[in-house]
A.B. asks: 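Below you will find the structure I want to go over with you.
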Amino acid sequence: MKEIVLGTVELGRSLLTQNNVLWALVRKDLKEKYASSFLGLSWAVLRPLATVAIYAIFFGVVYNAHAPVEYSRSPYIVFLMIGFTPFQVFSEVIGRSPSLLYSNISMITKMVFPYQLFSVSTLFSALIGAGINACIIAVLLAVYGIGPQLSALWVIPASLLLLTLFSIGLSWILSCIGVLIRDTDQIVNIILTLLIFLTPVFYSHSMVEQVQQKVPILALVFRLNPLYSMIEAIRMSCIGDSILLSTNLIIYTTVVSLATFVAGALVFSTFQQRIVDHL
Amino acid sequence: MAVESSSIIDSREAVISVRGLSKRFMLYNSQNDRLKELLTLGYLTKGHEFWALRDISLDVRRGETMGIVGRNGSGKSTLLKIVCGTVYPTSGQVKRSGRISSLLELGIGFNPQLTGKENILLQGAILGYSREEMSERALVIEQFADIGEFIGQPIKHYSSGMMVRLAFAAAINIDPDILIVDEALSVGDLRFQSKCFSKLQEIRKKGTTVLFVSHSIDTINSLCDSAILLEGGRIIERGVPNYVINCYTRLLFSSTDEQKAVEPARPSRDPQQPETQPRVLPTSTSKPPEVAVAHGHDATESGNELALPISAQSNESSSISSSTDSLPSAPAETVQWQDVLPSQQEMSHWDRTQLREWSLRRFASRLSYQGHREMRHGNGKAEVIDFGIVDNKGQVVTVLETGKRYTVISRVLIYEDMEDIQPQVAIKNAQGVSFFWTNTFVQGKNPGPQKRGAILETRFHVTMWLGVGKYLVNFVALNSQKSVCYDRRLDALEIEVTGGVGKVARGSATNLDCEIEVNRPE
């Protein structure tokens with residue numbers, strides 16, 4: 001137990017001091033992703049744009065969907081993009097986690113550094129894509145003349161921090177399991193496909209309230225997903241009128257995110273010694 | 001001879017300190033077994049243990065270069081990985097201080113998608129260099145690796161040689177405190193190898209500690225201050241490189257021959273080998289087979305029923321006096337090299353143990369016999385029972401003068417009928433570098449089929465063209481076509497070569513038979 005605590009402290013220290021390793025890993029990650037393609041880094045912009053465009057065309061044009069009541073001052077595409085961007089960060093980090101240690105086997109078997117940084121660098125490279133999305137969203141908000149609330153200044157960073165902690169913690173756990181059981185990769189990606197429908201990307205708080213009356217259990221499932229409050233908080237502060245989330249839900253999300261992070265750190269530092277043996 | 005590495009240089013601090021280190025791997029017959037054990041959190045044990053390393057303790061001090069030798073699968077690489085820190089030990093402690101740079105399994109963790117340069121920068125970041133510092137070093141590394149425009153290409157397009165060049169250049173040019181090299185030196189071309197060697201020497205002088213695995217005996221001999229021999233995950237020998245390498249070669253060859261090794265001249269240092277057991281000639285213990293010997297005057301006169309020492313070059317025996325010194329009390333060495341063999345009658349009553357005792361005592365009496373450092377192995381079907389070096393007057397010598405003629409004599413006793421046997425002689429220096437070896441096969445003078453009980457005397461007439469220094473002599477009896485080693489007596493004899501009268505200067509490795517002519521051209 002003492003070792004685990006020390007290991008976690010050590011990790012924290014190296015995160016602060018060895019930030020050049022982190023950036024080197026992020027650079028490596030981006031280069032690996034885009035190096036051999038003609039359009040290179042442009043894909044970091046094009047891919048999320050294309051995905052949102054597809055959804056916008058199908059839901060907004062084909063099904064003629066509109067943003068839910070509490071976001072009525074925003075067009076459907078903006079509503080969709082704000083929900084989709086944080087989810088994509090989570091989805092990208094988690095989707096790559098089970099195979100993360102395997103794909104870096106050449107480094108792990110030959111170099112010594114905190115391997116926790118792989119998850120962290122994956123998150124950072126996902127955040128870079130999200131940052132590009134955020135710029136597009138900002139342009140759209142300006143074009144449609146939608147002003148975010150003042151609370152966005154702290155709600156968005158706080159939500160992103162929770163998202164970061166939750167994603168990294170879960171990524172550490174999944175990357176360890178992925179080494180032991182290689183099937184995790186397949187299972188996790190199926191779950192992620194399902195998860196987009198359990199996360200408020202296409203729907204919102206008010207729609208969940210309606211579900212609450214018909215199928216209470218389903219509404220509970222929606223709310224138990226920590227991404228629920230994170231995404232809705234961001235969305236409400238950007239294009240909504242006020243933050244409608246209950247205090248209990250916010251506390252629950254905070255606790256779950258922190259707990260996941262700590263659990264992930266413990267699992268990883270316990271398992272770290274045996275990673276190479278199992279690879 | 002087993003000088004503990006610590007006694008040579010214990011003034012320096014230990015940079016790597018390993019105590020009671022063991023490493024266990026779990027092996028599973030199938031993925032399902034592994035899953036079952038995982039899901040029950042180890043309640044169902046389906047795997048079986050494999051101990052790659054057991055109870056390893058060692059210290060490597062600042063500036064020391066330690067070689068690790070051992071057969072494939074003896075745990076060398078695992079040990080290096082644990083010292084590097086990529087693999088964790090099951091039990092025991094590893095302490096290391098300073099920046100470690102390692103070349104494990106011919107690489108330093110290159111990423112195939114990235115270019116050579118990007119990989120170097122990434123490596124530098126992980127070792128704690130800032131991007132600016134590393135950009136400077138990258139130039140030095142590029143220059144050292146000398147792979148031209150490939151430095152800007154993704155690693156996946158590299159040849160294995162280029163990869164190793166870059167890996168080695170990167171590992172050695174980042175001022176490591178500890179450099180760990182696993183078999184990497186053997187890959188590059190010769191020019192690059194020599195570049196690596198001189199760079200290695202350079203960083204050793206600066207105080208870098210080097211730990212490396214190699215199967216190249218010469219590399220270990222010429223680079224290392226000390227060495228360890230691993231077998232079955234344990235350190236079974238440690239000491240100066242030459243000694244450890246002799247143990248290693250003995251281990252290699254004794255295990256390929258079907259029979260157990262001839263017991264060494266002195267009690268085995270290998271704790272795993274059983275105590276030496278007297279072995280008896282295969283036919284009968286009570287009446288050993290007729291051992292035909294060259295037995296002084298009687299033998300040469302009484303002729304044909306005796307299988308005389310047949311040798312390609314044994315004609316010139318006039319200078320060697322013969323006597324019928326009654327044995328087995330081995331005589332003290334006299335100045336003359338004596339043809340002292342027990343009488344046929346006597347020997348016929350001896351079993352193999354007695355024969356060996358006699359020959360051991362005989363050796364012990366020989367001048368300059370290196371009983372304390374001799375390494376001996378072989379399958380025991382024939383034995384080198386006597387040897388010596390005599391000058392042209394038949395005098396036994398251990399100090400030789402460069403440029404003079406000498407005769408190296410080896411006598412082999414045959415225990416079993418065999419198609420062929422090749423007596424061999426080799427001379428190497430104290431660092432183990434081989435200067436000369438030859439055998440009857442090389443010279444096209446194979447003695448041919450041998451009968452059990454025969455004694456084969458081979459005389460190697462040589463002119464001593466070696467330079468000033470001390471040398472060790474090996475005596476071997478083998479069949480190189482069948483890769484059978486009957487008896488290998490490594491470092492059995494030490495000789496010293498002197499410069500003669502004004503022939504070569506100290507420090508000359510050889511004597512080129514030089515005559516100096518001084519002129520004053522008009």
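Residue numbers start from 1 in every chain, and the chains themselves are labelled A, B, ... in the order their sequence lines are given, proteins ahead of strands. FYI, side chains are in, hydrogens and waters are out, and symmetry mates aren't considered; it's all heavy atoms of this structure.
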A.B. asks: Sequence neighbours excluded, which residues qualify as side-chain hydrogen bond (donor to acceptor under 3.5 Å, both in side chains) partners of B/Tyr88?
C.D. replies: none
A.B. asks: Applying side-chain hydrogen bond (donor to acceptor under 3.5 Å, both in side chains), name anything that partners B/Glu133, two or more places apart in sequence or on another chain.
C.D. replies: B/Ser130
A.B. asks: Check each atom of A/Leu25 against the heavy atoms of chain B and say whether the ones under 4.5 Å are side chain, backbone, both or neither.
C.D. replies: both
A.B. asks: Please determine whether the number of non-hydrogen atoms from other residues, nucleotides or ligands lying under 6.0 Å from atom CZ of A/Arg182 exceeds 12.
C.D. replies: no
A.B. asks: Is the count of non-hydrogen atoms from other residues, nucleotides or ligands lying under 6.0 Å from A/Tyr252 atom OH greater than 12?
C.D. replies: yes
A.B. asks: Kindly give the heavy-atom pair with the smallest separation between A/Lys28 and B/Leu122, and that separation in Å.
C.D. replies: CD-CD2, 3.7 Å
A.B. asks: For B/Asn173, enumerate each residue passing the side-chain contact (heavy atoms from CB on, under 4.5 Å) test, keeping only those at least two apart in sequence or located in another chain.
C.D. replies: B/Val140, B/Ile141, B/Phe144, B/Ala169, B/Lys199
A.B. asks: Report the distance from atom CE of A/Met111 to atom OG of B/Ser102, rounding to the nearest 0.5 Å.
C.D. replies: 8.0 Å
A.B. asks: Enter the distance from A/Met107:CE to B/Asn119:CG here, rounded to the nearest 0.5 Å.
C.D. replies: 8.0 Å
A.B. asks: Under 3.5 Å, is there a donor-acceptor pair between the side chain of A/Ser106 and the main chain of B/Asn111?
C.D. replies: no
A.B. asks: Contact between B/Val87 and A/Asp277 at the side-chain level, heavy atoms closer than 4.5 Å - yes or no?
C.D. replies: yes
A.B. asks: Distance check, rounded to the nearest 0.5 Å: B/Asp182 atom CG versus A/Lys110 atom NZ?
C.D. replies: 10.0 Å
A.B. asks: Is there a side-chain contact between B/Leu121 and A/Arg27 in this structure, where contact means two heavy atoms from C-beta onward sitting under 4.5 Å apart?
C.D. replies: no
A.B. asks: Identify the residues of residues 51-58 of chain B whose heavy atoms come closer than 4.5 Å to a heavy atom of chain A, ordered by number, or report 'none'.
C.D. replies: none
A.B. asks: For B/Glu136, does the CD atom have more than 12 heavy-atom neighbours from other residues, nucleotides or ligands under 6.0 Å away?
C.D. replies: no
